[in-house]
Undergrad: 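Sending over a structure as structure tokens; questions will come in a sec.
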Amino acid sequence: MVNDFLGKVGKGVNCSVSGCTNSAERSINREAVANSGLKVSGERRAFLCHEHYKIWKKSTKKDRELDRVRFK
Ligand SMILES: [Zn+2]
């Protein structure tokens with residue numbers, strides 16, 4: 001729980017993705033998560049478990065590539 005650049009997540013915090021009950025590992029700006037297509041609850045920060053963090057990272061990468069193609 002130390003050395004987390006994206007934000008510390010306390011013990012007992014669950015993943016903010018709807019339907020997910022894993023405990024959270026990362027806290028990320030909610031809008032950044034929403035843009036990736038993941039459904040999250042919460043106000044300003046979203047908490048992601050290990051699995052959803054991986055999905056989020058993957059989807060943000062993909063979005064950026066798609067945007068580049070779309071706006072060419
Ligand atoms: Zn999750």
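Heads up: numbering here begins at 1 and tracks the sequence. Computed from a predicted structure; not experimentally measured. Remember, it's 1-based here, ligands and their atoms both numbered in the order they're listed.
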Undergrad: Listing residue and atom name, which protein N/O/S atoms are closer to the Zn ion (ligand 1) than 2.8 Å?
TA: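 Protein N/O/S atoms under 2.8 Å of the Zn ion (ligand 1): Cys15 SG, Cys20 SG, Cys49 SG, His52 ND1.
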Undergrad: Between Trp56 and Ala32 (side chain of the first, backbone of the second, donor and acceptor by atom type, cut-off under 3.5 Å), is there such a pair?
TA: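 Looks like yes, one N/O pair under 3.5 Å.
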Undergrad: Is the shortest heavy-atom distance from the side chain of Arg44 to the side chain of Asn29 under 4.5 Å?
TA: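 Contact flag for Arg44/Asn29 side chains = no.
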Undergrad: Tell me whether Arg45 contacts the main-chain N or O of Ser27 through its side chain, where contact means a donor paired with an acceptor under 3.5 Å.
TA: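 The answer is yes, because a donor-acceptor pair under 3.5 Å joins these two groups.
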Undergrad: List the atom of Thr21, the atom of Asn14, and the distance in Å for their closest heavy-atom pair.
TA: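 So the two residues come closest at O-OD1, 3.9 Å.
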Undergrad: Taking salt bridge (Lys or Arg N to Asp or Glu O under 4.0 Å) as the definition, give me every residue that meets it alongside Glu51, ordered by chain and number, with sequence neighbours left out.
TA: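 If we apply the salt bridge (Lys or Arg N to Asp or Glu O under 4.0 Å) test to Glu51, skipping adjacent residues, the hits are Lys54.
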Undergrad: Please check: side-chain N/O of Ser16 versus main-chain N/O of Phe47, any donor-acceptor pairing under 3.5 Å?
TA: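 Yes; judged by distance alone, with no hydrogens or angles, the pair exists.
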